[in-house]
Structure formats: C-alpha cells, structure tokens
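Since the structure comes first, as structure tokens, the remarks are kept for the end.
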Amino acid sequence: MTERTLIIIKPDAVQRQLMGKILTRFEEKGLKVVAAKFMQISQELARKHYAVHEGKPFFDGVVNYMSSAPVMVMVLEAEGVIAMSRKLMGETFGNEATPGTIRGDFGACRGYNLVHGSDSPENAEYEMGLYFKPEEIVDYTLASEAWLYGSND
Ligand code: IDP
Ligand code: MG
C-alpha cells in the first residue's frame, strides 16, 4: 500500500547549500515528491514536532536547532517510503552513520544531522499535519511509475 512520510532538510543542510544534493538522493531512489515548502520553523512548532522527546536532555537543543534558520519540508510517497527514506538518511549522527547514506556522507558530528524523516506511519500522519493542509499534498502520477514501481509477476 502506498505510504507517505515527512522529510525535513534541516537548517545546517540549507546553510551548507546541500538542499539539491539531498533532494537528489531521494529522487534518484525513485521516491515521489508530493508536497514541498521552504520555511522557518517556529520554536512552538519545533516543540510540537519533537513532543515525543520532551523531557530528554537534548530536547531544548533540538528545538533551538530546528528553529534557528530556514528548512525545506517535503512529503514523499511510495510503497515502503518510511523505511526506505530512513535507510537513505542513515543512523542519527553523522559521525556514526554509514558512508553512502546522507548523514554518513555529509555529516561528521552529533550536533547537526542534515535531515529528518518520520519513523512510523503514525508519526508520519502527525508530522504531515503539522506542516501541510491536506490540499497542499498533491495526488499525481509520475510518467515513469510503471518502471519505478513495476513488477514482473
Ligand atoms: P532521528 O532523527 O534519527 O529519528 P531521534 O532519536 O528521533 O533521531 O532524535 C531526534 C533528533 O534530535 C535527532 O535527529 C537529532 O537532531 C536530535 N538528537 C537526538 N539525540 C541527540 C543527542 O544526544 N544530542 C544532540 N541531539 C540529539
Ligand atoms: Mg526520530
């Protein structure tokens, strides 16, 4: 079944002018972009986004990081997109992430890690609702879908 996920190209990636390269990783994989927005996240919205981490030692830090400068927010769609995009992103911190992943190729620290991706269908629904109205998520077909998502059964 088709699935959607919320991806954020985080402030460090925008400042380092890596938006295009990161978006290319998702596009080259064959994941379909169905919504996109360039914006600066408020502290209040960042707190809602990371509400599951409230009370943890890094909560204030991640809220400040995410609201410190502009981001690019996207919704991607494909069967299994949540797991696929998490694999493309790599482990949480660049200094540990496997080379070949976005975090593994572009990050070298624990403070900033370039990209966010939802980790479950429930969190994806919650996060998409924070950033997009339903009508801002566009339903369309890619011309290449038969080849991208085809089966030889
Ligand atoms: P994830 O982004 O790989 O899903 P989570 O554990 O859900 O990682 O943490 C959410 C975000 O909070 C991370 O992407 C990172 O920006 C930040 N974060 C998590 N743990 C730490 C930490 O120990 N120090 C600093 N920042 C952290
Ligand atoms: Mg997470």
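Nothing here was measured: the structure is a model prediction, and the numbers come from that model. In each ligand, atom 1 is the first atom listed, and ligand 1 is the first ligand listed.
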### Message
I'd like to know whether CD of Glu44 has more than 12 heavy-atom contacts from other residues, nucleotides or ligands below 6.0 angstrom.
### Response
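Not buried by this count: 12 neighbours or fewer within 6.0 Å.
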### Flag if over 12 foreign heavy atoms under 6.0 Å of NZ, Lys37
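Yes, NZ of Lys37 has more than 12 neighbouring heavy atoms, counting only those of other groups under 6.0 Å.
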So which protein heavy atom does [atom] come closest to, and at what separation?
atom                    : result
atom 23 (O) of ligand 1 : Phe93 CZ, 3.8 Å
atom 24 (N) of ligand 1 : Phe58 CB, 3.8 Å
atom 17 (C) of ligand 1 : Val62 CG2, 3.6 Å

Only heavy atoms of [X], strictly under 4.0 Å: list the atoms of ligand 1 that pass.
X      : value
Tyr50  : 10 (C), 11 (C)
Asn113 : 13 (C), 14 (O), 15 (C), 16 (O)
Thr92  : 1 (P), 3 (O), 8 (O), 13 (C)

Classify the contact between [X] and ligand 1 as side chain, backbone, both or neither, using a heavy-atom distance cut-off of under 4.0 Å.
X     : result
Arg86 : side chain
His53 : side chain
Lys10 : side chain
Met66 : neither

### Query
Between Glu145 (side chain) and Leu142 (backbone), is there a donor-acceptor pair under 3.5 Å?
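Yes, because the side chain of Glu145 sits within donor-acceptor range (under 3.5 Å) of the backbone of Leu142.
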### Query
Is a donor on one side and an acceptor on the other found under 3.5 Å between the side chain of Arg103 and the backbone of Val115?
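The answer is yes, because a donor-acceptor pair under 3.5 Å joins these two groups.
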### Query
Can Tyr65 and Asn113 be said to form a side chain to side chain contact (heavy atoms under 4.5 Å, CB included), step by step?
CA-CA 10 Å; Tyr65 163 36; Asn113 62 355; 3.6 Å; yes
### Task
State if Arg103 counts as touching ligand 1 under the rule of any non-hydrogen atom under 4.0 Å.
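Yes, Arg103 has heavy atoms under 4.0 Å from ligand 1.
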### Message
With the threshold set at under 4.0 angstrom, would you say Tyr112 reaches ligand 1 through any of its heavy atoms?
### Response
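The answer is no, since Tyr112 has no heavy atom less than 4.0 Å from ligand 1.
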Would you give the length of the straight line joining atom [atom1] of [X] to atom [atom2] of [Y], rounded to the nearest 0.5 angstrom?
X      : Y      : atom1 : atom2 : value
Asp105 : Ile22  : CG    : CD1   : 10.5 Å
Arg47  : Ser67  : CZ    : OG    : 8.5 Å
Ser120 : Glu125 : OG    : CD    : 10.0 Å

### Message
With nothing but distance in play, are any N or O atoms of Tyr65 less than 3.5 Å from an N or O of ligand 1?
### Response
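No, Tyr65 has no N/O under 3.5 Å of an N/O on ligand 1.
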### Nearest atoms (heavy-atom pairs only) where Glu77 meets Thr2
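Here Glu77 and Thr2 meet closest at CG-CG2, 3.2 Å.
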